[in-house]
Amino acid sequence: MTAERPNVGNASALRRRASRATLGIAALLVLVILQGCYYMQAARGQFELWRKQRPVAEVIADPSTDAELARRLQMLQDARDFATAELKLPDNDSYRGYADLQRDYVLWNVIAAPEFSLHAKTWCYLMVGCLGYRGYFSIDAAKKLAAELEGEGFDVFVGGVPAYSTLGKFDDPILNTMMARGDTELIALLFHELAHQRLYIKDDTAFNESFASAVAEFGVQRWHAQHGSADVAKRWLDYQEQNRAVMQLFEEARARLDALYASSLSNAGKRDQKQRILQQLASDANSTSGSDTNWIRGDLNNARLASFAMYRGYLPAFRQLFARCEQQWTCFYAAVDELAALSASARVDALANLQRQVAAP
């Protein structure tokens, strides 16, 4: 068990949090004034998190707290300390609070791509730049936008999100929406969100999400090496190998679709071939992942493929960097920072070169 942090609940911590909350409220009000309805719902959603947040230590000590929830919250506090000490991730008050939103997801992302393209539509925001998705704290609002985009001819995917990062601007809480995951996946999610606080590049969703997914993958392996049983560690590694095999299928399908969309085939012909490729991908992915896991639930389309690419597309490149650094975090982050400093086109080229090196015999 990790000792309780001495600054939890003391006056200086409360003053610091109140000051950051005040600045946050001011920033959100400016966004609402400048951008209107979309930022209004975002402000309401963020205020809800602040209003419902309680210190984790207080929740754990509360006799009314479910014993399993208390155990998992303590596990996350241990993992939070581990993230700073071992993974060199930011040391702040994020994930030292808990909020029960009494729903399954904190928000829902809308992802859209043209009928014959795998490039996701982007929306641009103040402070964070352009992203390949638009998030809503209401499922009805997300579905409304999805219907509008479908009416314009886009392939659309609406996905529930268990957690998101404010990139260190505010203290992000642990959410009940994260708790549906198993222990290992929950720790991975914590590491993923903290990685966004370590590094975030405007206008490069694929880089940001793949980097955070890589940190989560490497971090969980390190966690199990020090804290987990050998059986748990092996199951996690087996799961990661399954992920790699499925992602390879996605990459092969994306290549076939890219070639199809660039061809001179008629639109009707492209639609027919597109469905054949996507149906085969769904079948192959579910077969590869085993009988206990269905990777593909529901129909595949360009938007869903774009979402997979955003979150995991550059994972092989980051694995290559981590291996080159002999799994040393300081070296790895230095190499990633060098990539981040490149121009967008140079960064894409550098990542593609790393991907080719992984694929080379």
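Reckoned from all heavy atoms, side chains included, excluding hydrogens, waters and symmetry mates. Since the model is a prediction, treat every value here as computed from it, not as a measurement.
- Taking the ring centre of Phe207 as origin, the terminal cationic atom of Arg347 falls inside the region bounded by 6.0 Å and 45° from the ring axis.
- A distance-only check finds a donor-acceptor pair linking the side chain of Asn176 to the backbone of Arg103 [under 3.5 Å].
- Interatomic distance, Glu252 CD to Leu281 CG, rounded to the nearest 0.5 Å: 9.5 Å.
- More than 12 heavy atoms of other shown residues, nucleotides or ligands fall within 6.0 angstrom of atom NZ in Lys52.
- No more than 12 heavy atoms of other residues, nucleotides or ligands shown are found within 6.0 angstrom of NE2 on His119.
- The residues Glu152 and Lys121 are annotated as not salt-bridged, no charged nitrogen and carboxylate oxygen being separated by less than 4.0 angstrom.
- Residue Thr122 holds its OG1 atom at 12.5 Å from CD1 of Ile111, rounded to the nearest 0.5 Å.
- No donor-acceptor pair closer than 3.5 Å links the side chain of Asn302 to the backbone N or O of Leu118.
- Judged purely by atom type and a 3.5 angstrom limit, Tyr200 uses its side chain to pair as donor or acceptor with the backbone of Val128.
- Looking at Leu342 and Asp349, their side chains never come closer than 4.5 Å, going by heavy atoms from C-beta outward.
- Rounding to the nearest 0.5 Å places CG of Leu315 at 11.0 Å from CG of Leu351.
- Classification of Glu115 and Lys274 as a salt-bridged pair fails, no side-chain N sitting under 4.0 Å from a carboxylate O.
- Taking OG1 from Thr177 and CG from Asp100, the interatomic distance works out to 9.0 Å, rounded to the nearest 0.5 Å.
- One finds a salt bridge joining Asp81 and Arg96 here, because a Lys/Arg side-chain nitrogen approaches an Asp/Glu carboxylate oxygen to under 4.0 Å.
- A centroid separation of 6.0 Å or more is found between the aromatic rings of Tyr133 and Trp123.
- Side-chain N/O atoms of Gln197 and Ser94 include a donor and acceptor closer than 3.5 Å.
- Atom CG of residue Leu89 and atom CZ of residue Phe191 lie 7.5 Å apart, to the nearest 0.5 angstrom.
- Side-chain atoms of Asp62 and Ser64 form a donor-acceptor pair, as typed in the model, at a separation below 3.5 Å.
- Side chain of Thr65 to backbone of Ala70: no donor-acceptor contact under 3.5 angstrom is found.
- Note on Asp183 versus Arg72: salt bridge recorded, some NZ/NE/NH1/NH2 to OD/OE distance being below 4.0 Å.
- Between the CD atom of Gln53 and the CG atom of Asp171 there is a distance of 7.0 Å, given to the nearest 0.5 Å.
- Side-chain atoms of Gln279 never come within 3.5 Å of backbone atoms of Asp299 as a donor-acceptor pair (strictly under, hydrogens ignored).
- In the model, Gln74 has a side-chain atom that pairs as donor or acceptor with a side-chain atom of Asp78 under 3.5 Å.
- The pair Arg276-Asp272 meets the salt-bridge criterion, since a charged nitrogen lies less than 4.0 angstrom from a carboxylate oxygen.
- Aromatic ring pairs are classed by plane angle as parallel below 30°, tilted from 30° to 60° and perpendicular above 60°; the pair Phe47 and Trp50 is tilted.
- Residues Gln357 and Arg324 bring a donor and an acceptor atom of their side chains to less than 3.5 Å of each other.
- At least one donor-acceptor pair under 3.5 Å links the side chain of Asn208 to the backbone N or O of Asp204.
- Around the OH atom of Tyr105, the shell of radius 6.0 Å holds no more than 12 heavy atoms that belong to other residues, nucleotides or ligands.
- The pair Arg198-Asp337 meets the salt-bridge criterion, since a charged nitrogen lies less than 4.0 angstrom from a carboxylate oxygen.
- Judged by distance alone, the side chain of Ser213 and the main-chain N or O of Ser210 form no donor-acceptor pair under 3.5 Å.
- Under a cut-off of 6.0 angstrom, the local environment of CD in Glu326 is sparse, with at most 12 non-hydrogen atoms contributed by other residues, nucleotides or ligands.
- Looking at heavy atoms from C-beta onward, Tyr98 lies out of side-chain contact with Arg54 at the 4.5 angstrom threshold.
- Side-chain atoms of Gln355 come within 3.5 Å of backbone N or O of Gly313 as a donor-acceptor pair.
- Remark: side-chain polar atoms of Gln41 are paired, donor with acceptor, to backbone N or O of Tyr38 under 3.5 angstrom.
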